[in-house]
Amino acid sequence: MSDEAVAAAWAREDLEALSERGLRRYLEPLDSPQGPVVRVGGETLVNFSSNDYLGLAASPTVRAAALAAVERYGVGTGASRLVVGDTAAHHRLETRLAAFERAEAVRLFNSGYAANTGIIPALVGSEDAVFSDALNHASLVDGCRLSRARVCVYPHADVEALTRALAETPARRKLVVTDTVFSMDGDVAPLRDIVAACRAHGAALMVDEAHATGVLGARGAGLCDELGLESEVDLRMGTLSKALGVMGAYVATSREVADLLVSRARPFVFSTALPAHLCAAAEAAVDAVEGDPDLRERLWRNIRRFADGLRGLGVRAEPRSAVFPLILGEPERALDAARRLREAGVLVKAIRPPTVPEGTSRLRFCLSASHTVGHVDLALEALRSVGVRRG
Ligand SMILES: Cc1ncc(COP(=O)(O)O)c(C=O)c1O
């Protein structure tokens, strides 16, 4: 048997096991641009599964910025930034993001996944300890594992448990990592208390603002912006791929950390640079977030309307972010609910383990500024008519 056939047999076995547990995933290409209404599999559906919270993925200004940069720089960058992939567009975006984030410095990464798996191992190693919320995103989990530091997972949002762990764990360096808006639950970390715990124990703090950037805060820069904690947090990771509608990520931090990442963060050193046109597009998206607060206002109008509607259906819902989970239990139950909502014109994907803990498969609704009131009401009416209830 060739090596290929051996691997194929392994894959067949694993695919069957995944299918039996309702955990196999399938791709489904869109036949339309990203937006509040999409065409998929020949159907036209209202899209409640995109992280494009401000509708910037289809923005004419963001698109025009990308096209102009393609003319100037071409499509690919040809090498990592440390070789010949660096352009003026990368530096401009880092400067623009530093101003947006009120940070001394910003370092770009190719994705949020690359940022989290690169930053943590760049700062801590085998003599150190990382303290991680139990519901942190997989990229933070993987960053902790790659660092070879001792990993202390504290119960979700439990600052008392975190404080105990910080006090009881001997380590050369201590780093606390947490999502600010939890990606699959939409709730918000108790950040003031976490900052105080870090301060009391000489720990550094890294936050992941992936679902908060563009959504929370007076400037739209995230939970640190909302709470005025920018200068209290050592590293603030934000993505360019969600509310900013593009691709890539960044960390807002000190000059020293930003400099260290250039030499030490493996996804920065060993990966081809983000294309310049994505940097130009992201810069236009940041301008839109700061320059057009009405975008955020439209998003929040939809968030409040959806939360009110869910409560009317007897579902506990806090309007705290653009993410609303409807926890249903076993994978088949979430898949079945997604199928029935789809028949009513609503696209909302079932989220299953390992993305969420066992027994908490769910529908995850994402609201966008680009949804109309009619779209929001359609989702609520579809939930009512199919009788979807929390498990
Ligand atoms: C909290 C969080 N962090 C990081 C990421 C990874 O970001 P990206 O999609 O840019 O790799 C995600 C993406 O889903 C996320 O939800």
Side-chain angles (χ1 to χ4, degrees), residues 25 27 34 47-54 56-57 62 93 97 106-121 130 132-146 153 156-157 176-189 191 194 205-216 221-224 233 235-252 265-268 271-275 278-279 281-282 285-286 320-325 348-357 360 362 364-368:
R25 269 96 160 143
L27 292 169
Q34 193 60 239
N47 179 10
F48 285 95
S49 278
S50 173
N51 301 314
D52 178 25
Y53 301 125
L54 296 175
L56 288 173
V62 173
L93 178 58
L97 285 166
V106 155
R107 190 59 65 226
L108 285 176
F109 283 85
N110 290 1
S111 69
Y113 190 89
N116 286 341
T117 52
I119 293 166
I120 300 170
V130 198
S132 174
D133 187 289
L135 293 188
N136 274 347
H137 188 258
S139 53
L140 285 175
V141 173
D142 292 356
C144 292
R145 289 178 181 157
L146 282 170
V153 177
H156 177 52
V176 175
V177 294
T178 182
D179 287 7
T180 56
V181 169
F182 287 87
S183 53
M184 295 301 135
D185 292 81
D187 61 330
V188 165
L191 198 59
I194 292 174
L205 176 59
M206 171 175 174
V207 300
D208 177 335
E209 298 254 42
H211 298 276
T213 308
V215 174
L216 297 182
L223 185 64
C224 295
V233 177
L235 300 110
R236 292 175 276 135
M237 196 288 281
T239 48
L240 305 172
S241 50
K242 298 181 172 43
L244 293 172
V246 186
M247 176 79 203
Y250 62 93
V251 61
R266 293 172 69 86
F268 187 92
S271 194
T272 299
L274 196 66
L278 299 184
C279 298
V286 177
R320 199 55 190 97
S321 72
V323 176
F324 290 87
V348 57
K349 294 286 180 116
I351 308 287
R352 298 163 282 161
T355 310
V356 292
T360 70
R362 65 195 66 185
R364 172 180 178 264
F365 284 87
C366 294
L367 277 293
S368 170

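All ligand and atom numbering here is 1-based and tracks the order in the structure. Just so you know, these numbers use all the heavy atoms, side chains as well, and skip hydrogens, waters and symmetry mates.
Close contacts of ligand 1 with Gly112, meaning ligand atoms under 4.0 Å from a residue heavy atom, involve 6 (C), 7 (O), 8 (P), 10 (O), 11 (O). Contact atoms of ligand 1 toward Ala210: 1 (C), 2 (C), 3 (N), 15 (C) (distance under 4.0 Å to a heavy atom of the residue). Contact atoms of ligand 1 toward Asp179: 1 (C) (distance under 4.0 Å to a heavy atom of the residue). Interface of Ser183 with ligand 1, defined as ligand atoms under 4.0 Å from a residue heavy atom, comprises 16 (O). Less than 4.0 angstrom separates some heavy atom of Ser241 from each of these atoms of ligand 1: 8 (P), 9 (O), 10 (O).
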For this session: Using the side chain to side chain donor-acceptor pair (under 3.5 Å) rule, take Asp179 and His137 through it: C-alpha gap first, then chi angles, then the decisive distance, then the call.
Result: CA-CA 7 Å; Asp179 287 7; His137 188 258; over 6 Å; no
For this session: Evaluate the criterion side chain to side chain contact (heavy atoms under 4.5 Å, CB included) for residue pair Val188 and Phe182; output intermediate values, then yes/no.
Result: CA-CA 6 Å; Val188 165; Phe182 287 87; over 6 Å; no
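Under 3.5 Å, the side chains of His211 and Tyr53 contain a donor-acceptor pair of N or O atoms. Judged purely by distance below 3.5 Å, without hydrogens or angles, the side chains of Asp142 and Asn116 never pair a donor atom with an acceptor atom.
With hydrogens left out, the protein atom closest to atom 16 (O) of ligand 1 is His211 NE2, 2.5 Å, a heavy atom. For atom 3 (N) of ligand 1, the closest non-hydrogen atom of the protein is Asp208 OD2, 2.5 Å. Protein heavy atom in closest approach to atom 6 (C) of ligand 1: Tyr113 N, 3.5 Å. The single protein non-hydrogen atom nearest to atom 5 (C) of ligand 1 is His137 CE1, 3.4 Å, given as residue, atom name and distance. The nearest protein atom to atom 13 (C) of ligand 1, hydrogens excluded, is given as Lys242 NZ, 2.8 Å; this is a heavy-atom distance.
Taking only nitrogen or oxygen atoms, main chain and side chain alike, Val181 does not reach within less than 3.5 Å of ligand 1. Of the N or O atoms in Thr239, none lie within a sub-3.5 Å distance of an N or O in ligand 1.
The SG atom of Cys366 sits 10.5 Å away from the CG atom of Asp52 when rounded to the nearest 0.5 Å.
Ligand 1 lies nowhere less than 4.0 angstrom from a heavy atom belonging to Met247. In this structure, Ser139 is part of the shell of residues with a heavy atom less than 4.0 angstrom from ligand 1.
When all heavy atoms of Cys279 and Leu274 are compared, the pair lying nearest together is SG-CD2, 4.1 Å. Here the closest heavy-atom approach between residue Arg352 and residue Arg25 is recorded as O-NH2, 3.3 Å. Closest approach of Ala322 and Val215 over heavy atoms only: N-CG1, 4.4 Å.
A salt bridge links Asp185 and Arg362; the closest N-O separation between the charged side-chain nitrogens and carboxylate oxygens is under 4.0 Å.
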